[in-house]
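Data first, discussion second: the structure below is written as structure tokens.
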Amino acid sequence: MSEDQPLHRPISRRRFLMRSAQVGLGLTAAGITIGGILAQQRPRPWDPNAFPPPGKARVAILKASGYNGDLERTVMDGLKAIGADVRGLSVLLKPNMVEFDRASVINTDPRLVAATVAAMKRLGARLVTVAEGPGHRRDTQYVASSSGLLDLLRDVDTPFVDLNVAAVAQRTLRTSYTQLGELWLPLPVLQADLVVSMPKMKTHHWGGVTLSLKNMFGVVPGRIYGWPKNVLHWAGLQQSIVDVAAAVQPRLAIVDGIVGMEGDGPIKGKPIAAGHLVFGTDPVAVDATSAFLMGVDPMRVEYLAEAARFLGQGSFDQITQVGEDLERSVTPFRLRPEFQALRTGTAGASPGGDPAHAAGG
């Protein structure tokens, strides 16, 4: 992004309403279109005292053609564009590290993670830690080492924490989409001043898309909840995404959309060069924006539409987009056949149903 490129590019209400008519975006439409398992919940399955009504949000879309350029500068630009202030904070970066396959793009690229560490330190963070609890492979060190992440973290003098085996504490849920009632969460997550969700932009074979909210599954320890976080899947995938994200409440999201995954994600899909990073301090707004960039109507993604009721902003007329133009930046991701109804501009609802067992991602 050049120094003289305008950053502030709000979506006007007129443009939003026109697009809503075309692709069915907006919370009112969501109540009509999703009609699935989450729509069957009681009217407000969250504690209103714990979740104030979502306000306006700001999301930055920045071009990034590859992982070998000055990613630290791009991350710095993105964080500044959304007004992120990390001075004096202990920051926990939570990338998406599911499995290692040299020929695939399953994980958040380690070069982006290392660049974000460097940017956070330059912006005054007191402490930066990278942490993950993979839901697919039990050997976290294998994934972190084989991917090159551990080597890059040594270069930037930053520790890595395996959340699958870290010490935990019990937290009562303030939402009731599942019947879990409580979660055991790792102390490094609970003690961080700022949790940053850093997902790979991917499709998902059960949830439609997997972005910063779904990425929070990796916070839940496998030694308690199984592999691939079986307890969460048995409790209901869509419901668990909302409950876990509401419990952790990441306050910053950076989506790796430089090269994403389409088709049979989150593990068996194919690479797709989307060419963008997405930043925001409201993960719901970031996920809504990222889904739209993938050619997906975010309010037809059941868990995302539900999270937009209380956890963050899902209405584009309340999201100021900065950086690249949203509509001109869309790269349609190939979807599995059962998720074609999620596509922007299509009629119909998102599919219902929920498996008892599925791979994490």
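Shown here is K121, whose NZ atom has more than 12 heavy atoms of other residues, nucleotides or ligands within 6.0 Å. No more than 12 heavy atoms of other residues, nucleotides or ligands sit less than 6.0 Å from atom CD of Q179.
The pair D193-R126 counts as a salt bridge, with a side-chain nitrogen and a carboxylate oxygen less than 4.0 angstrom apart. Salt bridge status for R300 with D297: present, with a side-chain N to carboxylate O gap under 4.0 Å. Using a 4.0 Å cut-off between a side-chain N of Lys or Arg and a carboxylate O of Asp or Glu, E72 and R122 qualify as a salt bridge. Looking at R336 and D264, a side-chain N of the basic residue comes within less than 4.0 Å of a carboxylate O on the acidic one, giving a salt bridge.
Using a 4.5 Å heavy-atom threshold, the side chains of M261 and I272 count as separate. Proximity of D287 to K214: side-chain heavy atoms (C-beta onward) are nowhere separated by under 4.5 Å. Using a 4.5 Å cut-off on side-chain heavy atoms (C-beta onward), Q321 and I319 make contact. A heavy-atom distance below 4.5 Å is found between the side chains of V113 and L149. Using a 4.5 Å heavy-atom threshold, the side chains of E262 and L335 count as separate. Side chains of S90 and Q191 form no contact here, defined as non-hydrogen atoms less than 4.5 Å apart. By the 4.5 Å heavy-atom criterion applied to side chains, D85 and L123 are not counted as neighbours. Looking only at side-chain heavy atoms (C-beta outward), L187 and V168 stay at 4.5 Å or farther from each other.
Side chain of N107 to backbone of E99: a donor-acceptor contact under 3.5 angstrom is found. Put simply, the side chain of S147 never gets that close to the backbone of S145: no donor and acceptor are under 3.5 Å apart. Looking at K202, its side chain does come within 3.5 Å of a backbone N or O of I106 through a donor-acceptor pair. A donor-acceptor contact shorter than 3.5 Å links the side chain of K229 to the backbone of V220. At distances below 3.5 Å, at least one donor-acceptor pair connects side-chain atoms of Q249 with backbone N or O atoms of A246.
Between the CG atom of L326 and the OG1 atom of T289 there is a distance of 6.0 Å, given to the nearest 0.5 Å. If you take CD1 on I254 and OG on S197, they are separated by 9.5 Å, rounding to the nearest 0.5 Å. The distance from atom OG1 of T108 to atom CG of N215, rounded to the nearest 0.5 Å, is 6.0 Å. Here the CE-CG distance, from M294 to L342, works out to 10.0 Å after rounding to the nearest 0.5 Å. Taken to the nearest 0.5 Å, the CZ atom of F333 stands 5.5 Å off from the CE atom of M201. Once rounded to the nearest 0.5 Å, the distance linking CG of D282 with CG of L311 reads 8.0 Å.
Put simply, L152 and L127 are part of two different groups of oily side chains (I, L, V, M, F, W, Y) that touch within less than 4.5 Å, one to the next. Hydrophobic clustering of Ile, Leu, Val, Met, Phe, Trp and Tyr side chains at less than 4.5 Å, counting indirect connections, keeps W227 apart from V165. Both L180 and L190 belong to a single network of hydrophobic side chains, linked directly or stepwise wherever heavy atoms of I, L, V, M, F, W or Y lie under 4.5 Å apart. Clustering ILVMFWY residues whenever any of their side-chain heavy atoms sit less than 4.5 angstrom apart, transitively, puts L89 in the very cluster that holds L252.
Residues N230 and P228 come closest through the heavy atom pair OD1-CD, 2.9 Å. Shown here for M299 and A308, the closest heavy-atom pair between the two residues is CE-CB, 4.1 Å. Closest non-hydrogen pair, L277 versus G257, comes out as CD2-N, 4.2 Å. For the pair T203 and G263, the tightest heavy-atom approach, listed with the atom from each and the gap, is OG1-O, 2.8 Å. Of all heavy-atom pairs between N164 and R223, the closest is O-CG, 3.1 Å. When all heavy atoms of V219 and L163 are compared, the closest pair comes out as CA-CD1, 3.9 Å.
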Q | Derivation and outcome, side chain to side chain contact (heavy atoms under 4.5 Å, CB included), residues T172 and L183 | A | CA-CA 7 Å; T172 300; L183 282 175; over 6 Å; no
| said: Could you walk me through whether V322 and V59 satisfy the side chain to side chain contact (heavy atoms under 4.5 Å, CB included) test, starting with their C-alpha distance in whole Å, then the side-chain angles of each, then the deciding distance to 0.1 Å, before giving a yes or no? | reply: CA-CA 6 Å; V322 300; V59 175; over 6 Å; no
Handout entry: side chain to side chain contact (heavy atoms under 4.5 Å, CB included) assessment of N68 paired with R111
Key = CA-CA 8 Å; N68 293 319; R111 291 166 289 186; 2.8 Å; yes
Worksheet entry | Working for side chain to side chain contact (heavy atoms under 4.5 Å, CB included), residues T116 and M198 | CA-CA 10 Å; T116 303; M198 295 188 65; 3.3 Å; yes
Audit row: Q238, E302, side-chain hydrogen bond (donor to acceptor under 3.5 Å, both in side chains) steps and yes/no: CA-CA 7 Å; Q238 302 271 2; E302 291 199 35; 5.2 Å; no
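If you look at Y225 and H233, their ring centroids are not closer than 6.0 Å.
Classification of the F316-F292 ring pair by plane angle, with boundaries at 30° and 60°, yields perpendicular. Between F51 and F310, the ring planes are perpendicular. Angles over 60° get that label, and only those under 30° would be called parallel. Ring pair Y177/W46 is parallel by interplanar angle, where below 30° counts as parallel and above 60° as perpendicular.
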Output a table of donor-acceptor pairs, distance under 3.5 Å, between side-chain atoms of residues 128-135 and any protein atom two or more places apart or on a different chain; print 'none' if there are none.
| from | atom 1 | to | atom 2 | distance (Å) |
| --- | --- | --- | --- | --- |
| E132 | OE1 | K94 | NZ | 2.8 |
| E132 | OE2 | K94 | NZ | 3.1 |
| E132 | OE2 | M97 | N | 2.7 |

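At a cut-off of 3.5 Å, with distance as the only test, no side-chain donor of Q313 or Q318 sits close to an acceptor on the other residue.
When the options D256, V209, V255 are evaluated for a side chain to side chain contact (heavy atoms under 4.5 Å, CB included) with P199, the one that passes is V255.
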